[in-house]
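Taking it in order: structure first as structure tokens, then the write-up.
Predicted model, so just to flag it, every value in this text is computed and none were measured. Every heavy atom of this structure was used, including side-chain atoms; hydrogens, water molecules and symmetry mates were not.
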Amino acid sequence: MAKCRCSRNVNIISLAFFSNFAAYMSLESMQSSLNRGIGTTALCFLYGSFVISSLLLPPLLIGRLECRKSLAISIAAYALYTFANFYPQWYTLIPAAMILGMGAGILWSTALFYIAKVGQKHAAEQGKKVNEVTAAFFGRFSAVMSMSMLVGTLFMSFLIEAMGSPDAEVLIVEGMNTTALGVVNYNTTDVTTVGENDDVVCGLYYKFNEAPKAKKVSDVVMYVLLSCYLCFNILAACLCLCLDEITGSESSKSEDRIEMNGLGEEERASTTEEEEESAFELMKSTFKLLLTDPAAALLIPMTLHYGMVQGFFRGIFTASWIACGLDFKYVSYATATYGGTMILSCYVYGKLPKYTSHLKIFLVTAIFEIGLFTVTLVWIPSNDPYSELWLYFALAVGFGICTSIFLSQLGSLYDKFFTTTKKAGMALFNVWNPLGSALAFGLSSSLYPVHMVILCMTACVVGQAFYMVAEWIAEKPKYRKCIKQNEKV
């Protein structure tokens, strides 16, 4: 790999992830409203399979396949899920979601591995510190990647607006117990009416499976939107195939046939065997960490809660409040607001540990989050929801702030607690975080939103309490001595 191509490869993989997740994130935000019941159940299976695959598949495939091939195959799983949304049924969407979950575990692990290796090579070529280069590369990757949700949802909004005429605009979605409003049925020329007698309540007691179904947008618009998303997925896979492989065999010269980690050809075989065995070693070390380190168990509720909050906003709040109370197109506006807030907040809150402790950051976040959920408990959407438009978007901003704090700080918190067992610690994070999202999506179809609000508030309080205990015992000399002894075993 030429010296000037390291930065190029980081730019390519960043653009690939941007293209792929601009399609996926906006499509995921529509599932609870677009494919009621099926969509959220499929997301539950998706995050469940992600938990399993993130532990088993990446170490095996990285050792056997080239990184660019692993990335392209993983993104193909996202394309399959997009394709399944053309005909969203139980037997199409759920299998595609499970395949996507397995692909997601491979995708993220391979991408992080690839960027780290590129950073190592670039640091060696430029004579710089590896940590500084990899931090810069990961920062560039995260900045481009975080824009995907904002751009994807805005693209969805503009496309729906451009292809829909004023006469065909849907005035309500999911129904409202207010004065009668017209809803266009795109399959016929009739105009149906949802009025006071439909007993459809938005917010805390919204019924996912019992609310009357109404067309949000025409099938033509949805097919065009899904076709664009499918093109985004294919473009991302093609970009990954344009990456330089990390084994660096472009040149025929023997001196150029050196891997990024500094190993020669003779050492490659033994390294590959170690990577293949690392899947089982990782599981062993992960279970050992969970059983021997109290902090590993004490951080479970907080990590689960982080995943639940993400699932609550993208799966429950967007359907029960935004889509029901306003309009389907406002789901994309609210999601874009949520994503834009995360972009700005991650940059700001990433610098907070320089000035204060993690304990204070998460404590203030927990209080702020309890306030947000309290608003959803006491607020009843009015008969004129557009008069309260600011409140819908204020909540989207609030949840974006909370999510961004967890996104920017929780990884470094795990790194602080598990300094000498980083792989096992991050493996636990990759298990509990998506498991929390799987719980939120899975329970949303059988519970009322009010139950999910109470469950999230409880998880927030319990998670914060357990985390405070973890911080307390981490300062005990007896705890540190016990951890050092377990590391030597």
### Query
Can you check side chain to side chain contact (heavy atoms under 4.5 Å, CB included) on F18 and V151, steps first, answer last?
CA-CA 9 Å; F18 172 82; V151 174; 3.8 Å; yes
### Query
Which atom pair, heavy atoms only, marks the closest approach of P88 to N85?
CD-O, 3.4 Å
### Heavy-atom pair with the smallest gap, counting every atom of G203 and P449
O-CG, 3.3 Å
### Task
Could you note down all residue pairs passing side-chain hydrogen bond (donor to acceptor under 3.5 Å, both in side chains) where residues 392-407 supplies at least one of them, sequence neighbours left out?
Y338-T403
### Query
Does the S49 side chain pair with the main chain of M98, one donor and one acceptor, at a distance under 3.5 Å?
yes
### Taking every non-hydrogen atom, the tightest pair across I75 and A237
CG2-N, 3.8 Å
### Query
With sequence neighbours left out, what residues match F317 under ring pair (Phe, Tyr, Trp, His ring centres under 6.0 Å)?
F313, W321, F399
### Contacts of type side chain to side chain contact (heavy atoms under 4.5 Å, CB included), residue S14, not counting sequence neighbours
V10, F141, V144
### Message
Centre-to-centre under 6.0 Å for F406 and H305, is that the case here?
### Response
yes
### Query
When the aromatic ring centroids of Y78 and Y81 are compared, is their separation below 6.0 Å?
no
#### Entry: Qualifying residues under ring pair (Phe, Tyr, Trp, His ring centres under 6.0 Å), relative to F232, sequence neighbours excluded
F155
### Aromatic centroids of W108 and F21 separated by under 6.0 Å
yes
### Task
Please tell me if the side chains of E388 and W379 come closer than 4.5 Å, counting only heavy atoms from C-beta onward.
yes
### Query
Near F368 CZ, under 6.0 Å, is it more than 12 heavy atoms from other residues, nucleotides or ligands?
yes
### Minimum-distance pair of heavy atoms, taken over all atoms of T92 and A84
O-CB, 3.7 Å
### Query
Hey, mind stepping through L435 and Y47 against side chain to side chain contact (heavy atoms under 4.5 Å, CB included) and telling me if it holds?
CA-CA 6 Å; L435 186 59; Y47 283 100; over 6 Å; no
### Message
Between F393 and L389, is there a side-chain heavy-atom distance shorter than 4.5 Å?
### Response
yes
### Query
With under 30° as parallel and over 60° as perpendicular, where do the rings of H358 and F362 fit, or are they tilted in between?
parallel
### Message
Take a 6.0 Å sphere around CE of M147 and say whether it holds more than 12 heavy atoms from other residues, nucleotides or ligands.
### Response
no
### Message
Using side-chain heavy atoms (C-beta onward) and a distance below 4.5 Å, is L395 in contact with V375?
### Response
yes
#### Entry: V453 side chain near F312 side chain, heavy-atom distance below 4.5 Å
yes
### Query
How many angstroms lie between atom CD1 of I94 and atom CD1 of I38, to the nearest 0.5 angstrom?
7.5 Å
### Query
Passes side chain to side chain contact (heavy atoms under 4.5 Å, CB included), L43 versus L46? Steps please.
CA-CA 5 Å; L43 291 175; L46 188 159; 4.1 Å; yes
Would you tabulate the side-chain donor-acceptor contacts of residues 223-231 under 3.5 Å, counting partners in other chains and residues two or more places apart, or write 'none'?
{"residue": "S227", "atom": "OG", "partner": "Y223", "partner atom": "O", "Å": "2.7"}
{"residue": "Y229", "atom": "OH", "partner": "S26", "partner atom": "OG", "Å": "2.7"}

### Query
Just wondering, do L100 and F50 contact through their side chains at under 4.5 Å, heavy atoms?
no
### Task
Given side chain to side chain contact (heavy atoms under 4.5 Å, CB included), test Y114 with K117 step by step and report yes or no.
CA-CA 5 Å; Y114 183 85; K117 290 299 181 182; 5.9 Å; no
## Note on the structure
Residue set satisfying side chain to side chain contact (heavy atoms under 4.5 Å, CB included) with I370, at least two apart, ordered chain then number -> T374, M457, C460, V461
### Query
How many angstroms lie between atom CG of L71 and atom CD1 of I13, to the nearest 0.5 angstrom?
5.0 Å
### Query
Any side-chain heavy atom of L372 within less than 4.5 Å of one from T376?
no
### Task
Please answer whether the main-chain N or O of G307 pairs with a side-chain N or O of S437 as donor and acceptor at a distance below 3.5 Å.
yes
## Note on the structure
Residues A440 and M308: closest non-hydrogen pair is CB-O, 3.8 Å
### Message
Regarding D244 and R68, does a basic nitrogen lie under 4.0 Å from an acidic carboxylate oxygen?
### Response
no
### Task
Determine whether more than 12 heavy atoms belonging to other residues, nucleotides or ligands lie under 6.0 Å from atom CZ of F158.
no
### Query
Are N233 and T82 close enough that a side-chain donor and a side-chain acceptor fall under 3.5 Å?
yes
### L299 vs F417 side-chain heavy atoms within contact, under 4.5 Å
yes
### Task
Taking all non-hydrogen atoms of both residues into account, name the closest pair between I99 and A77 and its distance.
O-CB, 3.7 Å
